[in-house]
Amino acid sequence: MPSTESEPPSGNIMEQIVSLAKRRGFVYQASEIYGGIRGFWDYGPLGVLLKNNIRDHWWRAMVECPPVGPDGSPIDMVGLDSAIIQHPNVWKASGHVDNFNDPMVDCRETKARYRADHLWTAAAQVRRKNGNVETLGVFSVLSGDDAGDLFVKRVDKIARKTGGGEVVAPTDFVPFTKLSPAEMAEVVGPDAAQKGTLTEPRPFNMMMISYNGPLQDEDNKVYLRPETAQGIFTNYKNVLDTTRVRVPFGIAQIGKSYRNEVTPRNFIFRSREFEQMEMEFFCPPDQSILWYEFWRDERMKWWKSLGIRADNLKFRDHDDDELAHYSKACVDIEYKYPFTSPDFGELEGIAHRGCFDLTQHQQHSSQKLDYFDQELQLKLKESGASPEDVKAKSRYIPNVIEPASGLTRAVLVLLCEAYRCESRSGVEKFEYFAFKPQLAPIKAGIFPLVNKDGMPEIAQKLYMDLRQQFTCEYDPKQSIGKRYARMDEIGTPFSITVDGQTKDDQSVTIRHRDSQLQERVALEKVSTFLTEKLKA
RNA sequence: GCGGGUGUAGCUCAAUUGGUAGAGCGCCAGCCUUCCAAGCUGGCUGUUGAGGGUUCGAGUCCCUUCGCCCGCUCCA
């Protein structure tokens, strides 16, 4: 079968990756035995190891051993694990209730979909040449400054076809959402020719809803968080009060988030339940750009530290019209996924959120969330600022720089990046994952070359020793070649084999996954060998 | 939500005009085995995505539904 044009050039590779990931227990479709559930995925025995490794790597790089700041001193960073369900007002304050709840209207005729609040309607009236005013119907247009012009232009076209005359410009538009169902049925869609093709507005809730408590009424409605960030903002004051961190500092969090994505697609790229790694960095307003640039560069370094080729990563600055109204700057780190190639797709966003979130929460919660910067006060006094100036500037709402990335997206990127398909061991298409050793689910396979002459006993003992420090697997089954191949397939970087020589000189062979080459290492040095190789 | 494609064993796939669901790989057990998916013997695996219909008979035809892929649409 020739491939159709609609198929992307690398669509095949993605299928192979998904297939291998399933076959070796990395990612399963959620609820598969019931036919699956769109937008949800389960991480299998190897998948959870890989995910945990990435998670730990991030946590270490952000919380336990954060980068050294621009001024050469270590950065203050703490971790957090907030609840998935928060007080509903959190999401009102954050803007998610309003912005994530867009009623949509579909046009049955043109198949177009509109945000209901973007549709304005008005009666189309024409003053005919004889002076009579005739109404041609109720038309809708997309809201905006040019809505009036668009409306007149459109009605003018129809008027010409039906006898001409002058269009009476509407003095006011009525929002589509204010119409009764009967009135809606009379409206002509923005791109439609016939009336009554618009559906009634249907809610499009981006936030998943649940009920807190056994009563499922409106008062008990709660939301599953669509991002982990708000849990950080709501605890910002707690952290300041109960730890010794001072601005500038960061709070990091890893956890699940939920969004009713319109189109969950591309394997685990866009799913309705996903895991985020987010950090909110609180800094003085006048230092915010400095920190924004700092974190932008640091985050790119981190992705490269996972073993991702520089060619496959790039920055993409958001255009001004793409920025949220509160954001001063935002940049995405993008990856060249097989399904976007040759284009890139989003991997992490580094956003300058200004003081928006804390200001919002301060207003909605009536709690003071500003920060008194004693250091800055001192500095201002020393620089001879006026008392008024010192007072005004040393108390502020911190600005926030937010590097937010998807842990589950990181798993996807590593699967894509590590995937290899080459001719090997007499197999035409041998598939395997070449993970960086540090992130590989299993670090080493331990084998007796054959199951006799005392080899299994030595190998087992080695396994029992090593597994206390490293994630290892002992495998005495089938031929040595198959065991090597099995380990290669799941991305295990090292295979350690006890052979006939081991008994004589206490040494084993260690085989490298990528080169398939072996070296001999003393039994007692194996642990050191692995430690050395697993260093970042 | 719309349009197109698709769904058969853990994986890759086969099954003539509608006529008894198969193969390879894998996996398991045993034997053998001194380094790259080796060999021998035996074994496991399916409500053909699900539900309904037509038919003497459905993997195959029809309807509904679910998942996946592609393109639209949408996307804090």
Side-chain angles (χ1 to χ4, degrees), chain A residues 1 3-8 11-12 14-16 18-25 28-41 44 91 94-102 104-115 199 202 204-207 225-227 229-230 257 259-267 270 322-327 330 339 346 349 351 353 404 424-432 447-453 455 476-489 495-503 508-511 513 516-518:
Chain A
M1 283 276 287
S3 65
T4 58
E5 273 182 62
S6 59
E7 216 173 331
N12 224 7
M14 201 56 222
E15 275 175 39
Q16 287 167 28
V18 173
S19 170
L20 181 58
K22 159 80 189 289
R23 180 154 46 93
R24 297 277 82 160
Y28 308 125
Q29 197 184 0
S31 308
E32 195 181 347
I33 61 169
Y34 287 99
I37 175 165
R38 198 156 68 119
F40 296 86
W41 300 89
W91 309 110
S94 71
H96 287 89
V97 169
D98 293 331
N99 294 322
F100 266 57
N101 282 313
D102 300 329
M104 305 298 286
V105 172
D106 288 313
C107 178
R108 297 188 194 93
E109 179 187 325
T110 63
K111 308 298 180 198
R113 173 173 288 163
Y114 314 96
R115 274 177 61 167
T199 63
R202 287 179 285 200
F204 235 73
N205 298 313
M206 289 298 284
M207 278 197 292
R225 66 180 175 203
E227 61 173 28
Q230 298 305 324
S257 291
R259 292 180 195 178
N260 282 320
E261 295 288 353
V262 178
T263 314
R265 217 173 255 193
N266 288 323
F267 195 36
R270 177 171 289 122
E322 211 180 336
L323 292 175
H325 60 281
Y326 53 82
S327 184
C330 188
F339 50 81
E346 191 193 346
R353 297 178 76 127
R424 172 183 279 205
S425 321
V427 179
E428 198 184 325
K429 279 183 166 180
F430 181 78
E431 298 174 294
Y432 67 102
F447 320 130
L449 183 58
V450 289
N451 283 303
K452 60 179 187 183
D453 300 340
M455 293 181 208
K477 300 290 175 66
Q478 297 172 310
S479 74
I480 192 71
K482 274 192 184 180
R483 284 177 274 168
Y484 286 153
R486 270 203 290 265
M487 282 298 149
D488 288 346
E489 213 174 18
S495 290
I496 304 166
T497 305
V498 171
D499 60 13
Q501 197 181 321
T502 307
K503 236 189 321 185
V508 291
T509 62
I510 298 185
R511 173 187 174 278
R513 174 196 62 208
Q516 296 173 264
L517 297 174
Q518 294 183 8

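Reminder, nothing fancy here: chain letters follow the sequence lines and each chain counts from 1. What you see is a predicted model, and the numbers here were worked out from it, not measured in a lab.
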Heavy atoms only: give me the nearest [X]-[Y] pair and the separation to one decimal.
X      : Y      : answer
A/R511 : A/D488 : NH2-OD2, 2.8 Å
A/T497 : A/P448 : CG2-C, 4.5 Å
A/G39  : A/P264 : CA-CB, 3.7 Å

Report task. Determine, step by step, whether A/E431 and A/R23 satisfy the salt bridge (charged side-chain N to carboxylate O under 4.0 Å, His left out) criterion, reporting the C-alpha distance in whole Å, the side-chain angles of both residues, the deciding distance to 0.1 Å, and the verdict. Result -> CA-CA 11 Å; A/E431 298 174 294; A/R23 180 154 46 93; 3.1 Å; yes
**Report entry** Donor-acceptor contact present, side-chain A/D453 to main-chain A/G500, <3.5 Å
**Finding:** no
So which protein nitrogen or oxygen atoms get under 3.5 Å of nucleotides 45-51 of chain B's nitrogens or oxygens?
none

Would you say that [X] contacts [Y] through its side chain, given a criterion of any heavy-atom pair below 4.5 Å between the two side chains?
X      : Y      : answer
A/E489 : A/L20  : yes
A/K477 : A/R483 : no
A/S495 : A/F447 : yes

Does [N] have a Watson-Crick or wobble mate here (both distances under 3.5 Å), and if so which one?
N     : answer
B/G7  : B/C66
B/U54 : none
B/C35 : none
B/U17 : none
B/C72 : B/G1
B/U41 : B/A29
B/G46 : none

I need the [atom1]-[atom2] distance between [X] and [N], as an integer number of Å.
X      : N     : atom1 : atom2 : answer
A/L517 : B/C36 : CG    : P     : 13 Å
A/R270 : B/C75 : CZ    : P     : 11 Å
A/I37  : B/C66 : CD1   : C1'   : 11 Å
A/F267 : B/G67 : CZ    : P     : 17 Å
A/Y432 : B/C36 : OH    : P     : 18 Å
A/Q516 : B/C36 : CD    : P     : 11 Å
A/E261 : B/C74 : CD    : C1'   : 10 Å

For atom [atom1], what is the distance between [N] and [M], given to the nearest Å?
N     : M     : atom1 : value
B/G22 : B/U8  : C1'   : 10 Å
B/U20 : B/C56 : C1'   : 15 Å
B/A58 : B/G43 : C1'   : 31 Å
B/G42 : B/G53 : C1'   : 44 Å
B/C36 : B/C72 : C1'   : 49 Å
B/U45 : B/C61 : C1'   : 29 Å
B/A15 : B/U34 : C1'   : 44 Å
B/C13 : B/U6  : C1'   : 14 Å

Requested in this report: Pick base, sugar-phosphate or nothing for A/F447, based on heavy-atom distances below 4.0 Å to the nucleic acid.
Outcome: nothing
Requested in this report: Assign A/S495 to base, sugar-phosphate, or nothing according to its heavy-atom contacts below 4.0 angstrom with the strands shown.
Outcome: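 Counting heavy atoms under 4.0 Å across all strands, no contact is made by A/S495.
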Query raised in the report: For nucleotides 24-34 of chain B, read 5' to 3', which letter fits each nucleotide if B means a protein heavy atom sits under 4.0 Å from the base, S means only the sugar-phosphate is that close, and - means neither?
Result: --SS-S---BB
Tell me which nucleotide among [options] gets nearest to the side chain of [X].
X      : options             : result
A/F430 : B/A37, B/C68, B/C72 : B/A37
A/S19  : B/C35, B/G67, B/U12 : B/U12
A/K22  : B/C75, B/C70, B/G10 : B/G10
A/E346 : B/A76, B/G67, B/C70 : B/A76
A/Y484 : B/C69, B/C68, B/C36 : B/C36

Taking atom [atom1] of [X] and atom [atom2] of [Y], what is their separation to the nearest 0.5 Å?
X      : Y      : atom1 : atom2 : value
A/Q29  : A/R38  : CD    : CZ    : 11.5 Å
A/M206 : A/R259 : CE    : CZ    : 7.0 Å
A/T509 : A/I480 : OG1   : CD1   : 7.5 Å

Requested in this report: Check whether the side chain of A/R259 and the base of B/C75 form a donor-acceptor pair under 3.5 Å.
Outcome: no
Query raised in the report: Does a distance-only test, which skips hydrogens and angles, find a donor-acceptor pair under 3.5 Å between the side chain of A/E15 and the base of B/C69?
Result: no
Requested in this report: On RNA chain B, check which nucleotide each of A/D488 and A/R23 is closest to and give me the residue with the more 5' one.
Outcome: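 With A/D488 and A/R23 compared, the 5'-side residue is A/R23.
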Requested in this report: Tell me which of A/R265 and A/Q29 sits closer to the 5' end of RNA chain B, going by the nucleotide each one is nearest to.
Outcome: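 Checking each residue's closest nucleotide, the 5'-ward one belongs to A/Q29.
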Query raised in the report: Within 45° of the six-membered ring axis of A/Y432 and under 6.0 Å from that ring's centre, is NZ or CZ of A/R513 located there?
Result: no
Query raised in the report: Does A/N260 put a side-chain nitrogen or oxygen below 4.0 Å from OP1 or OP2 of B/C75?
Result: no
